[in-house]
Every structure is written in structure tokens, then in C-alpha cells.
Amino acid sequence: MARVVVVGSINMDMVVVTDTFPRLGETRFGKGFSTSPGGKGANQAVAAARLGAQVTMVGRVGADAFGEAMKATLAREGVDVQHVTTGREATGIAAITLTGGDNAIVVVPGANYELSPEDIDRAADAFEQADVVLAQLEVPYATVLHAARRARALNKPFFLNPAPAVALTQELLDLVTLLTPNQHELATALQTREEDWADELQKRPGQIAMTRGEEGVSYADANGQLVHKPGFSVDAVDTTGAGDTFNGALAAFWSLGIDTAVRRANAAAALSVTRAGAQGGMPTLAELDQFLDAQS
Ligand code: RIB
């Protein structure tokens, strides 16, 4: 069983379903509204836990009902929440507009932005026991950098899902074992042109797994040859959290090698979009195995 530490955000997702995205200045009627657990960090933690990993979450919520609910959800999923602390700000929220399976998201980070390097230091034991440390960019950059330094000092693989994307400093890049951007995030993170993605992957063999939605995932092997792992075709209900499922699964399966881990993570991400909510469709290990057996 892989031991995964997730350093990241915890949000309550507030989801509005519409037929079409509203234009600027327009008021439209929606078809439905729901709240559901989210946040890239929490989503990745739940994805890994459902697939059998032993997961510790390092994050912050507010002293409010959303914070209580989010912590309880994580605990119910088997995620260790002893390093989920309570901040002064409100629990983070994400306003999600969902239209025909596609989404547009505005995140208000709240307490997530109080997660500090000291919180990372307090989770020292979990870092020492980890097989993989996984982070995203919905918490302060300085905290992510601190987590990356600690992972390196302990010789632990550090995965960074650079979302929402910012230009990454060379120091952080040098500490990342595996970067998992989509094509746009790759260009922003590395400050390159989107069309140069293949060169960037080949310059960093095995260090970038670039997600391409339904098309799958690309990376360069140890010889610098591009490898493409196709995605799985499913009927999408809600794509929110598909990337998070991929990341959580990749961390959970990392010991199997990049080839197998990416294939299994692709399958987990495909299954995740077949149900509503960022975490709603994330598969268990048994569901994933059943799905993959049915493919062969
Ligand atoms: O990646 C999806 C997540 O992004 C949502 O759950 C939302 O909370 C935002 O963080």
C-alpha cells in the first residue's frame, strides 16, 4: 500500500448546472445547484485513498460548517486529517458552472492561503513515512516550495500538479520529480509556447507527464522518446476532478513504474467523469480493476 502525503487545498464546490455559459453581463436561469466536496488537494487525496493508498492530507479549512463537512468527508474516505488545521479565514470555495460536461471554475482560496511552511514542518513524521509527496498550486507557493525542499531532503519523490498554473521558479522545478500539467499549464509553468510541448517533454525524460484530456497522457521515456498513453472512451457527465483523479491515482500506483501507473491513472480519470461531482465518480480499486479487465 503506497503512503501518500498530499499538500493542498480543500474547497466546498458550489455547482450550478446551465445549458450554456452566461455571457458577460447576462443573467440566465440555471437547471440545478448542489454543493459537493472539492479542492484539488482534497480531490487528489480522496482519489489516492479510494485506490488503496494510505493518505495524509496537509491543509487548512475555516472554523465554519464547510470546514467541518470537508474534514468529515476526508476522514470518511480514510484520509488521515490530523494535519488539516483550522485557520482564521473561511473554508475555500469553488464556484463551478457546469455546462454539458464542461466546466468553468472560480476559486476563492480563503483558509487554503493560510497553509504555511510551519504546517509542513508539523507534518514531518508523515513526510518521513511517505512514498510520494503530492502538491498543487491552490495553496501558497512558498508552502509548496517548502514541502518540495523537505521531500528532497528525505529523498522522497515530489509530484507537482501545477494548477492553477503560474510560472515556476527554477528552484522548484529542480525539486520536482514529476510535473503533471495539461498543455496550457505546461506552457505557463515553463514559460514556453504551447506548440513546443514535445521538446519540453523530451528535454526532461520521465519528469513530465502531460495530460491531454480524452486523448490521454504523453511523457518522454528514459531515452527521450515520446510515449503516448491513450485515454479511455466513456460517456462524460462531469469532467470536474478528472485531472485530480489522475494525479491521486498516479501517486497511488507510482511503485508500478510510470508506464503502468499512467495507464491505470488514465482509466481512473475516465471513470471519474461518469458521475457528478469532483469526487463522485472516483473509482475504488475494485471498480478500476473491473473496468480495466473489461477493456482487454
Ligand atoms: O480540479 C477541480 C477542483 O478545482 C474543484 O473541486 C474545485 O474545488 C477547484 O479546486
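A quick note: this is a predicted structure, and the numbers were derived from the prediction, not measured. In this chain, residues are counted from 1 in sequence order.
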If only side-chain N and O atoms count, and only distance matters, is there a donor-acceptor pair under 3.5 Å linking [Y] with [X]?
X: Thr86; Y: Arg60; value: no
X: Asp125; Y: Gln129; value: no
X: Glu171; Y: Thr169; value: no
X: Ser36; Y: Asp13; value: no
X: Ser9; Y: Tyr113; value: no
X: Thr91; Y: Asp64; value: yes
X: His146; Y: Asp119; value: no
X: Gln279; Y: Asn43; value: yes
X: Asp244; Y: Gln44; value: yes

Work out which heavy atom in [X] is nearest to a heavy atom in [Y]; give both atom names and the distance.
X: Ala267; Y: Leu292; value: CB-CD2, 3.7 Å
X: Gly30; Y: Thr18; value: CA-CG2, 4.2 Å
X: Ser272; Y: Ala242; value: OG-CA, 3.5 Å
X: Gly62; Y: Ala111; value: N-CB, 3.7 Å
X: Ala48; Y: Gly248; value: CB-O, 3.4 Å
X: Pro283; Y: Thr245; value: CD-CG2, 4.1 Å

- request: Would you please test Arg50 and Leu285 for side-chain contact (heavy atoms from CB on, under 4.5 Å) and show each step?
  value: CA-CA 7 Å; Arg50 285 209 190 144; Leu285 190 55; over 6 Å; no

[atom1] of [X] to [atom2] of [Y]: how many Å apart, nearest 0.5 Å?
X: Gln183; Y: Ser218; atom1: CD; atom2: OG; result: 9.0 Å
X: Leu179; Y: Leu168; atom1: CG; atom2: CG; result: 6.0 Å
X: Thr274; Y: Phe232; atom1: OG1; atom2: CZ; result: 13.5 Å
X: Leu250; Y: Ile258; atom1: CG; atom2: CD1; result: 7.0 Å
X: Gln170; Y: Asp174; atom1: CD; atom2: CG; result: 4.5 Å
X: Trp197; Y: Arg212; atom1: CH2; atom2: CZ; result: 4.0 Å

Quick check on the hydrophobic clustering: are [X] and [Y] connected, directly or via other members, by side-chain heavy-atom contacts under 4.5 Å?
X: Val217; Y: Leu51; result: no
X: Val108; Y: Val139; result: no
X: Val144; Y: Val55; result: no
X: Leu201; Y: Phe159; result: no
X: Leu160; Y: Met210; result: yes

Side-chain contact test, heavy atoms from C-beta onward, threshold under 4.5 Å: evaluate it for [X] versus [Y] and give yes or no.
X: Leu74; Y: Ile10; result: yes
X: Val58; Y: Val6; result: no
X: Thr35; Y: Val15; result: no
X: Ile93; Y: Val107; result: no
X: Gln136; Y: Val7; result: no
X: Arg149; Y: Leu175; result: yes
X: Met12; Y: Met70; result: yes
X: Trp254; Y: Asp131; result: no

Polar side-chain atom of [X] near backbone of [Y] as donor-acceptor pair, under 3.5 Å:
X: Thr177; Y: Phe158; result: yes
X: Tyr141; Y: Val166; result: no
X: Asp196; Y: Asp199; result: no
X: Asp80; Y: Gln82; result: yes
X: Arg152; Y: Pro157; result: no
X: Gln207; Y: Leu178; result: no
X: Asn155; Y: Ala151; result: no
X: Lys229; Y: Arg263; result: no
X: Asp238; Y: Val273; result: no
X: Thr99; Y: Asp102; result: no

Output, in order, the C-alpha distance, side-chain angles, deciding distance and verdict of side-chain contact (heavy atoms from CB on, under 4.5 Å) for Thr260 and Phe253.
CA-CA 8 Å; Thr260 306; Phe253 296 129; over 6 Å; no

Step by step, would you call Glu118 with Arg122 a salt bridge (Lys or Arg N to Asp or Glu O under 4.0 Å)? CA-CA 6 Å; Glu118 291 71 37; Arg122 280 189 279 272; 5.8 Å; no

* To do: Under the side-chain contact (heavy atoms from CB on, under 4.5 Å) rule, what do Leu190 and Arg204 come out as? Steps first, then yes or no, please.
  => CA-CA 12 Å; Leu190 301 183; Arg204 298 171 179 81; 3.8 Å; yes

For [X], does the [atom1] atom sit with more than 12 other heavy atoms under 6.0 Å from it, leaving out its own atoms?
X: Asp293; atom1: CG; answer: yes
X: Phe29; atom1: CZ; answer: no
X: Gln290; atom1: CD; answer: no

In sequence, state the C-alpha distance, the side-chain angles, and the governing distance for Asn247 and Thr180, and then conclude on side-chain hydrogen bond (donor to acceptor under 3.5 Å, both in side chains).
CA-CA 7 Å; Asn247 278 277; Thr180 59; 2.5 Å; yes

Would you please test Thr56 and Val4 for side-chain contact (heavy atoms from CB on, under 4.5 Å) and show each step?
-> CA-CA 6 Å; Thr56 299; Val4 178; over 6 Å; no

Give the C-alpha distance, both sets of side-chain angles, the deciding distance and a yes or no for salt bridge (Lys or Arg N to Asp or Glu O under 4.0 Å) between Asp19 and Lys31.
CA-CA 8 Å; Asp19 282 328; Lys31 295 201 299 189; 3.1 Å; yes

*Does Glu77 pair with Lys71 as a salt bridge, N-O distance under 4.0 Å?*
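Looking at Lys71 together with Glu77, the answer is no, because their closest N to O distance does not fall below 4.0 Å.
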
